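Values reported hereafter were calculated over all heavy atoms of this structure, with side chains retained and with hydrogens, waters and symmetry mates removed. Please read all numbers here as calculations on a predicted model, not as lab measurements. We're numbering straight along the sequence, starting at 1. Counting starts at 1 for both ligands and their atoms, following the listed order.
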Amino acid sequence: MKIKIAIQKSGRLHDDSVRLFKECGIDISNGGNKLKSTASNFPLEVYFLRDDDIPQYVEDGVADLGIVGENVVYEKKKQVEVLEQLGFGKCRLSIAVTRNETYDRQFLAGKRIATSYPVILQEYLDKHNISAEIHEISGSVEIAPGIGLAEAICDLVSSGSTLLTNGLKEVETILQSQAVLIRNQSLSAEQEQILQRLLFRIRSVKQARN
Ligand code: PRT
Ligand code: ZN
C-alpha cells in the first residue's frame with residue numbers, strides 16, 4: 001500500500017516541493033520518468049501535474065494528497081481538505097490599478113477587472129457589495145489596463161516588480177497565499193497511517209527551518 005501525492009510538474013512550486021521530500025528523507029529521484037516517481041524508501045508515489053489540475057485529482061482520489069497554492073485551492077472550490085501550510089510559494093492576490101489613479105474601493109464599481117481568479121474576486125466583490133465586470137484571462141493579466149481591456153486587475157504579486165514594470169500599483173490585498181498540503185476526504189486506514197508518518201516528517205522539517 002502506497003499513498004499518492006500530486007505535485008507541480010514544472011513551475012514555481014516544483015523545486016520546493018521536491019526539496020521538501022528530500023528534507024523529509026524521502027528519495028523520489030528514481031529514473032527519468034517525468035510523469036510519475038516511486039519513492040525508494042517510503043510508501044509514496046509522486047505524480048507530476050499542472051497545478052490547476054491538482055485539486056480535481058485529489059477530490060477524485062486519483063491522488064490522495066497534493067501540494068498546491070492556496071490561491072488555486074480557493075479558486076477551484078473542490079472537496080479537499082487543507083492539512084498544512086508549507087511555508088513556500090508565498091504570494092498575495094491583489095487588486096492593482098494604473099499608477100496615477102486615485103483609488104478607494106468604490107472606484108471598482110462598474111469597472112472592468114481582468115483576472116485569472118474570477119471565483120475569489122467575485123466573492124470579494126460580493127462581500128463589499130461592489131458590482132463590477134470580471135474579465136477572465138489566463139495569463140499576462142498585468143497588461144490588460146495598458147491595452148485598454150480593463151481599468152483594474154486582480155493578480156498574484158510577490159516582489160511587486162511586475163506591477164511596477166507595467167505602470168500599476170497594488171491597492172488591495174484579497175488573499176495571502178502559500179503552498180499547502182491537501183488531502184482527499186476518504187483515505188483507507190492504512191493510508192491514514194502513512195499520511196500521519198508523512199505529516200510528522202513535514203512538521204519536523206518545518207520546525208528545523210525556523
Ligand atoms: O504549468 P502550471 O499550470 O503548473 O503552472 P502556472 O504557470 O499556473 O503556475 P506558476 O508556476 O507560475 O505558479 C504556481 C504557484 O506559485 C501559484 O499558483 C502561486 O501559488 C505561487 N506563486 C508565488 C506565484 C507567484 N509567487 C508569482 N509571483 N505565482 C505566480 N506569480 C506571478 C504573478 O502571476 C505575476 O505574473 O509572478 C508575477 C508577479 O511576480 P512579482 O514578483 O513581479 O510580483
Ligand atoms: Zn497553472
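No more than 12 heavy atoms of other residues, nucleotides or ligands lie within 6.0 Å of OH in Y57, so this atom counts as exposed by the packing criterion. Surrounding CD of Q185 are more than 12 heavy atoms belonging to other residues, nucleotides or ligands, all under 6.0 Å away.
Sorted by chain and number, the residues within 4.0 Å of ligand 1 by heavy atom are Q8, S10, G11, R12, L13, R50, D51, D52, G69, N71, V72, G89, K90, C91, E142, D155, L156, V157, S158, S159, G160, S161, T162.
Between D60 and Q56, the side chains place a donor N or O and an acceptor N or O closer than 3.5 Å (distance only, hydrogens not considered).
When all heavy atoms of A152 and I95 are compared, the closest pair comes out as CB-CG2, 4.5 Å. Scanning both residues, F48 and K36, for their nearest heavy atoms gives CD1-N, 3.7 Å.
Excluding waters, the set of protein N, O or S atoms lying under 2.8 Å from the Zn ion (ligand 2) comprises D51 OD1, D52 OD1.
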Worked check of salt bridge (Lys or Arg N to Asp or Glu O under 4.0 Å) between K77 and E123: CA-CA 12 Å; K77 292 250 166 299; E123 282 176 359; 2.9 Å; yes
Give the intermediate values and the outcome of salt bridge (Lys or Arg N to Asp or Glu O under 4.0 Å) for residues E84 and K206. CA-CA 10 Å; E84 186 85 8; K206 276 177 67 185; 2.9 Å; yes
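Applying the ring-ring contact (aromatic ring centres under 6.0 Å, His included) test to residues at least two apart or on different chains, the pairs with a partner in residues 97-131 are Y103-F107, Y124-H128.
Members clustered with V157: I137, V141, I143, I147, L149, I153, L163, L168, by chain and number, using a 4.5 Å side-chain heavy-atom cutoff among hydrophobic residues.
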